[in-house]
Student: 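Below are the structure tokens for one structure; questions will follow.
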Amino acid sequence: MLQTQAGKAAPSGPPQTRPTRKWRWFAIGFLVVFIGMLALFEMNAMLPSGTGLMRCRLWQYYMIEMRGTFSMSNLGPASGNSSAAMMMAFVHILFSVIGGAVVMVLAGLICKTRP
């Protein structure tokens, strides 16, 4: 056994290595997919007047649905559909988690194969 400066015996065996930072790769993948879907994915949302549909980006869809959910208005076709927005938010987060997991696995494989 090796002696340390304090007089205690250092543990013998393999040297301690730093823990891997796989969570960083997961966060990078998650954010890329999350922001990419917000910016590029399109949804159909009801016009505020209730007279038709409009095509908008996902972030705009969330804003329209939140405004319809929290505003005081009469019931009708433009009163908001919070269940559809909640389902889309669930799918959005699920795809982001899958993207983060894929990037984390790829980074782990690449780091293991590098000398």
Side-chain angles (χ1 to χ4, degrees):
M1 283 214 207
L2 298 173
Q3 294 291 327
T4 60
Q5 290 179 355
K8 296 181 182 176
S12 60
Q16 296 291 331
T17 59
R18 283 182 42 193
T20 58
R21 305 286 184 185
K22 291 183 180 179
W23 63 269
R24 286 185 184 172
W25 289 108
F26 175 82
I28 290 169
F30 181 91
L31 288 174
V32 166
V33 173
F34 191 84
I35 294 170
M37 283 184 72
L38 282 176
L40 301 176
F41 195 76
E42 292 185 344
M43 292 288 297
N44 292 326
M46 182 71 71
L47 290 170
S49 64
T51 58
L53 288 175
M54 67 178 191
R55 194 123 176 106
C56 57
R57 301 284 181 196
L58 187 57
W59 68 271
Q60 293 169 324
Y61 173 76
Y62 287 147
M63 297 300 289
I64 292 167
E65 290 299 324
M66 282 192 318
R67 183 178 35 188
T69 301
F70 296 118
S71 68
M72 299 296 256
S73 64
N74 296 329
L75 292 177
S79 62
N81 188 0
S82 60
S83 62
M86 294 289 283
M87 185 61 166
M88 188 60 218
F90 174 75
V91 170
H92 186 191
I93 291 173
L94 179 67
F95 282 0
S96 299
V97 167
I98 292 170
V102 167
V103 170
M104 182 178 68
V105 168
L106 289 176
L109 290 174
I110 291 170
C111 290
K112 279 187 178 181
T113 59
R114 283 193 348 207

Student: For residues 84-99, run the donor-acceptor check on the side chains, cut-off 3.5 Å, and write out each pair with its distance to 0.1 Å, sequence neighbours left out.
Tutor:
{"residue": "H92", "atom": "ND1", "partner": "Y62", "partner atom": "OH", "Å": "3.0"}
{"residue": "H92", "atom": "NE2", "partner": "F34", "partner atom": "O", "Å": "3.1"}
{"residue": "S96", "atom": "OG", "partner": "F34", "partner atom": "N", "Å": "3.4"}
{"residue": "S96", "atom": "OG", "partner": "H92", "partner atom": "O", "Å": "2.9"}

Student: Tabulate below the donor-acceptor pairs under 3.5 Å that side-chain atoms of residues 35-47 make, not counting sequence neighbours, or state none.
Tutor:
{"residue": "E42", "atom": "OE1", "partner": "R55", "partner atom": "NE", "Å": "3.1"}
{"residue": "E42", "atom": "OE2", "partner": "R57", "partner atom": "NH1", "Å": "3.4"}
{"residue": "N44", "atom": "OD1", "partner": "R55", "partner atom": "NH1", "Å": "3.0"}

Student: Which residue pairs pass the salt bridge (Lys or Arg N to Asp or Glu O under 4.0 Å) test when at least one of the two sits in residues 25-34, sequence neighbours left out?
Tutor: none
Student: Does the pair I64 and M54 meet the rule for a side chain to side chain contact (heavy atoms under 4.5 Å, CB included), with working shown?
Tutor: CA-CA 11 Å; I64 292 167; M54 67 178 191; 2.8 Å; yes
